[in-house]
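Bear in mind that the values here come from a model prediction, so they are computed numbers and not experimental data. Order of the sequence lines sets the chain letters (A, B, ...), proteins ahead of strands, with each chain counted from 1.
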Amino acid sequence: MTDKNTRTRFAPSPTGFMHVGAARTALFAWLQAKKDDGKFILRIEDTDKGREVGGSIEHIIKSLKWLGLSWDEGVDIGGPYASYKQSDRLDIYRHWAEKLIANGRAYADPYSKEQLEDFRNQAKTQKKPFLYREFRPENPPAWDGTQPLRFKSEPKSYTWTDAVMGELHTGPEAIDDFIIIKSDGYPTYNFCHIIDDMLMNVSHVLRSQEFISSTPKFLNLYDALQIERPVLATLPYVMAINGNKKLGKRDGAKDILDYQKEGYLPEAMVNFLATLGWNDGTEQEVFTTAELIEKFSLDRVQKSPARFDEQRLLWLNGQHIRALSLDALSNIVSGKSVSADSSLEHLQPKSDQTSGLLSDLERSRDKEESDDNDFWPLSAKNTDETKKKQILALVQDRLKTLADLATLTDYFFAEPDINWSMITDNKQLSKLSKDEITNLLQASADELSKSDFDSESVQNTLNSLLEITGQPPGVLFSLIRIAVSWAPFSPALNDTLSVIGKETSLSRISSAIQANV
RNA sequence: GGUCUCAUCGUCUAACGGUUAGGACGCCAGGUUCUCAUCCUGGCAAUCCGGGUUCGAUUCCCGGUGAGAUCACCA
């Protein structure tokens with residue numbers, strides 16, 4: 001089912017990096033919009049100047065782009081309802097605030113902070129919950145913009161339907177007079193998000209569970225403004241890896257972009273986040289982003305919180321790495337394709353005529369970024385692409401993260417350090433005498449020197465070596481593998497030797513023989 | 001404390017009121033001529049407790065318990 005009128009938004013405040021919890025909220029809103037063939041909006045809620053952190057907006061944009069969550073309207077690209085940054089829209093909020101004043105639904109708060117504190121303490125000693133409206137001034141002064149402006153609520157019970165939680169109820173005690181414009185002139189979230197959602201025709205508001213208890217206040221405001229409310233959908237928390245708390249920055253929630261650096265695929269992260277609190281009812285675990293768009297629905301979103309399980313993310317990452325074509329994976333590990341979505345931009349030809357100073361700058365920045373995402377070991381720097389691809393094919397199944405590539409492949413490019421303890425610590429090899437080792441290595445070198453060194457020939461040679469030496473593979477193959485790679489593990493021996501090449505393989509075996517004397 | 005929400009293996013989850021409560025991650029064991037990984041096979045492991053409704057309850061109702069959220073001139 002598609003509904004082109006579906007408009008969802010992700011509306012973060014620019015208070016730092018984006019963590020997985022926020023990313024999942026963004027993802028679900030994006031999936032809903034994509035599924036309905038609607039629009040996805042990126043709005044910045046920067047009304048708390050005190051908490052703002054410089055560079056956050058760029059960071060959020062970078063994070064969303066990495067995940068491939070593209071937006072149709074937003075702070076950086078504009079759109080029919082620009083600006084998409086709340087600090088640019090103060091006049092709009094003031095206009096709607098004045099409307100509320102005119103209708104007798106908002107008033108200036110005349111109390112000082114001390115007086116307010118006093119009221120709170122009064123309520124506390126009476127063991128009653130504090131409600132500002134019980135202290136509502138009878139004749140509030142005219143609002144001159146220096147006092148906070150409060151919404152005059154109409155306490156009542158509400159029953160409403162949440163697209164995820166189902167039917168929800170609250171009593172009148174959940175509703176109070178809340179501040180809509182602060183004394184610094186900025187609106188509060190409680191007020192301006194409602195105005196913006198209305199003006200921007202947002203059809204579905206998806207947000208995390210912490211907002212569920214303030215929803216009755218929003219409902220009261222919708223009523224006062226006489227606006228139709230959007231579909232409300234409450235997403236369960238993503239819980240921290242340890243403890244029973246919602247995932248937050250202080251509990252070690254990581255920057256979503258850290259996962260990029262650690263070698264996670266955006267598709268794996270998206271798959272992981274989507275199935276954290278949602279499933280399609282089948283036993284499918286691995287989804288492409290396109291499948292998620294097709295299958296996503298709010299009514300299958302879980303009501304209870306889900307724990308962030310890095311093991312599962314790691315597994316999914318492996319699944320997605322293996323599902324990639326060799327060419328695609330090759331581009332990604334070389335830093336040529338940041339994500340499926342932005343790859344198009346990278347492929348855009350840059351004409352030589354326009355290569356002035358600006359595009360030079362752009363080029364160097366692009367280069368920097370791609371170096372950031374080059375997962376090959378430094379030793380691979382001067383190796384040609386064909387060779388790298390051969391090596392990648394051997395290790396693709398072995399990668400849990402792209403970052404594993406460097407440690408898994410270094411010995412293909414650089415001479416490994418001889419570490420004889422790998423032989424003496426080996427259960428089978430430690431039984432061999434020095435001479436036996438030398439003889440085995442020498443026999444191997446002799447036979448291999450006659451091989452054509454394609455993968456199949458090497459295997460044939462290895463098989464005949466088993467016969468010649470009378471050793472089991474556990475001895476002979478282990479010895480050759482270690483002598484050539486000096487790595488704790490490596491791909492199949494014939495493939496490894498073949499890719500390393502005849503000359504290098506033989507010289508490494510001969511180095512091992514020399515080291516043995 | 002008031003208000004609100006949630007509750008199936010360790011974790012993510014499936015199950016028109018009828019299943020030996022299913023799958024996946026992880027873990028353990030075995031297999032694939034060395035190692036590591038992949039892949040395959042098998043194993044361990046759960047309906048928070050107590051009432052009710054019903055022929056029958058993981059599922060519906062009530063009450064506990066537990067966990068979480070929120071009660072800001074934060075979002």
Next on the checklist: If I pick the P atom on B/G26 and the same atom on B/C61, what distance separates them, to the nearest angstrom?
Outcome noted: 37 Å
Checklist entry - CG of A/Leu408 versus C1' of B/U35: gap in Å, rounded? => result 12 Å
Item to check | Nearest-nucleotide pick for A/Pro129, side chain only, options being B/C12, B/G2, B/U33 | outcome: B/G2
Checklist entry - B/G64 and B/G1: how far apart are their P atoms, nearest whole angstrom? => result 14 Å
Next on the checklist: Tell me whether A/Asn190 contacts the main-chain N or O of A/Phe218 through its side chain, where contact means a donor paired with an acceptor under 3.5 Å.
Outcome noted: no
Checklist entry - What integer distance in Å separates A/Glu310:CD from B/A24:C1'? => result 18 Å
Checklist entry - When all nucleic acid strands are considered with a 4.0 Å heavy-atom cut-off, which category describes A/Gly277: base, sugar-phosphate, or nothing? => result sugar-phosphate
Item to check | Ring centres under 6.0 angstrom apart (A/Trp71, A/Phe10) | outcome: no
Next on the checklist: When the P atoms of B/C12 and B/C48 are compared, how many Å lie between them, rounded to an integer?
Outcome noted: 14 Å
Checklist entry - Any idea which of B/C36, B/G26, B/C12 is nearest the A/Phe489 side chain? => result B/C36
Checklist entry - Hey, what's the ring geometry for A/Phe296 with A/Trp278, parallel, tilted or perpendicular (30° and 60° as the breaks)? => result tilted
Checklist entry - Does A/Leu466 or A/Gly281 map to a spot on RNA chain B nearer the 5' end, using the closest nucleotide for each? => result A/Gly281
Item to check | N or O in side chain of A/Gln319 less than 4.0 angstrom from B/C39 OP1/OP2 | outcome: yes
Next on the checklist: Over 60° means perpendicular and under 30° means parallel, so tell me whether A/Tyr189 and A/His193 are parallel, tilted or perpendicular.
Outcome noted: parallel
Checklist entry - In the structure shown, which nucleotide is the Watson-Crick or G-U wobble counterpart of B/G1, with both distances under 3.5 Å? => result B/C71
Checklist entry - What interatomic distance, in whole Å, is found between P of B/C9 and the corresponding atom of B/A14? => result 12 Å
Item to check | Exam field: side chain A/Arg89 to backbone A/Ser83, donor-acceptor pair closer than 3.5 Å | outcome: yes
Checklist entry - Roughly how many Å is it from CZ in A/Arg307 to C1' in B/A24, rounded to a whole number? => result 18 Å
Item to check | Side-chain (A/Thr401) to main-chain (A/Gly263) donor-acceptor, under 3.5 angstrom | outcome: no
Next on the checklist: Rounding to an integer number of Å, can you tell me how far A/Phe272 CZ sits from B/A24 C1'?
Outcome noted: 13 Å
Checklist entry - Looking only at side-chain N and O atoms, does A/Asn279 come under 4.0 Å of OP1 or OP2 in B/U13? => result no
Item to check | Under-4.0 Å side-chain N/O to phosphate OP1/OP2 contact, A/Arg312 with B/U13 | outcome: no
Checklist entry - Taking atom types as they are modelled, is there a donor-acceptor pair under 3.5 Å from the base of B/U35 to the side chain of A/Asn426? => result no
Next on the checklist: Pick the closest RNA chain B nucleotide for A/Gln459 and for A/Thr275 by heavy atoms, then say which residue is nearer the 5' end.
Outcome noted: A/Thr275
Checklist entry - Looking across every strand, which nucleic acid part, if any, lies under 4.0 Å from A/His193 by heavy atom: base, sugar-phosphate, or nothing? => result nothing
Checklist entry - If you check every side-chain atom of A/Lys303, which of B/G2, B/U33, B/C6 has the closest atom? => result B/C6
Next on the checklist: Classify A/Asp176 by what it touches in the nucleic acid, base, sugar-phosphate, or nothing, heavy-atom distance under 4.0 Å.
Outcome noted: nothing
Next on the checklist: Can you check the distance between B/G43 and B/U33, where both ends of the measurement are the P atom (answer in whole Å)?
Outcome noted: 24 Å
Checklist entry - Can any side-chain N or O of A/Tyr237 pair as donor or acceptor with the backbone N or O of A/Glu210 at less than 3.5 Å? => result yes
Checklist entry - Reckon A/Gln302 touches a base, only the sugar-phosphate, or nothing at all at heavy-atom distances under 4.0 Å? => result sugar-phosphate
Next on the checklist: Please report the interatomic distance CZ(A/Phe211) to CG(A/Leu235), rounded to the nearest 0.5 Å.
Outcome noted: 11.5 Å
Item to check | Length of the line joining A/Asp309:CG and B/C25:P, which is rounded to integer Å | outcome: 11 Å
Checklist entry - When the P atoms of B/G42 and B/G66 are considered, how many whole Å apart are they? => result 42 Å
Item to check | Value in whole Å for how far the C1' atom of B/C36 lies from CE of A/Met422 | outcome: 11 Å
Checklist entry - How many angstroms lie between atom CD of A/Glu294 and atom CZ of A/Phe287, to the nearest 0.5 angstrom? => result 10.5 Å
Checklist entry - Does any N or O in the side chain of A/Asn494 come within less than 3.5 Å of the main-chain N or O of A/Ser455, such that one atom is a donor and the other an acceptor? => result yes
Item to check | G-U wobble or Watson-Crick pairing nucleotide for B/G30 (cut-off 3.5 Å, both distances) | outcome: B/C40
Checklist entry - Relative to each other, are the rings of A/Tyr93 and A/Phe191 parallel, tilted or perpendicular (30° and 60° limits)? => result perpendicular
Checklist entry - Which is true for A/Glu285 with a 4.0 Å heavy-atom rule: it touches a base, it touches only sugar-phosphate, or it touches nothing? => result base
Checklist entry - Nearest-Å distance, CG (A/Leu316) to C1' (B/G26)? => result 13 Å
Next on the checklist: Can a donor-acceptor pair be found, under 3.5 Å and without considering hydrogens, that links the side chain of A/Arg481 to the backbone of A/Pro488?
Outcome noted: yes
Checklist entry - Can you check the A/Gln122 CD to B/G1 C1' distance for me, whole Å? => result 18 Å
Next on the checklist: Strictly by Watson-Crick or wobble contacts shorter than 3.5 Å, is anything paired with B/G18, and which nucleotide is it?
Outcome noted: B/C55
Item to check | Pairwise P distance, B/C16 and B/U58 [rounded to whole Å] | outcome: 14 Å
Checklist entry - When you check every protein heavy atom under 4.0 Å of nucleotides 63-75 of chain B, what one-letter string (B, S, -) results, 5' to 3'? => result ----SSSS-SBBB
Checklist entry - Which part of the nucleic acid does A/Pro472 contact within heavy-atom distance under 4.0 Å: base, sugar-phosphate only, or nothing? => result nothing
Item to check | Rounded P spacing from B/A57 to B/U19 in Å | outcome: 10 Å
Checklist entry - Along nucleotides 16-21 of chain B, 5' to 3', which nucleotides get a B, which get an S, and which get a -, given that the test is a protein heavy-atom distance under 4.0 Å? => result ------
Item to check | Nucleotide opposite B/C6 in a Watson-Crick or G-U pair, distances under 3.5 Å | outcome: B/G66
Checklist entry - Are the side chains of A/Gln122 and A/Phe135 in touch, meaning some heavy atoms are under 4.5 Å apart? => result yes
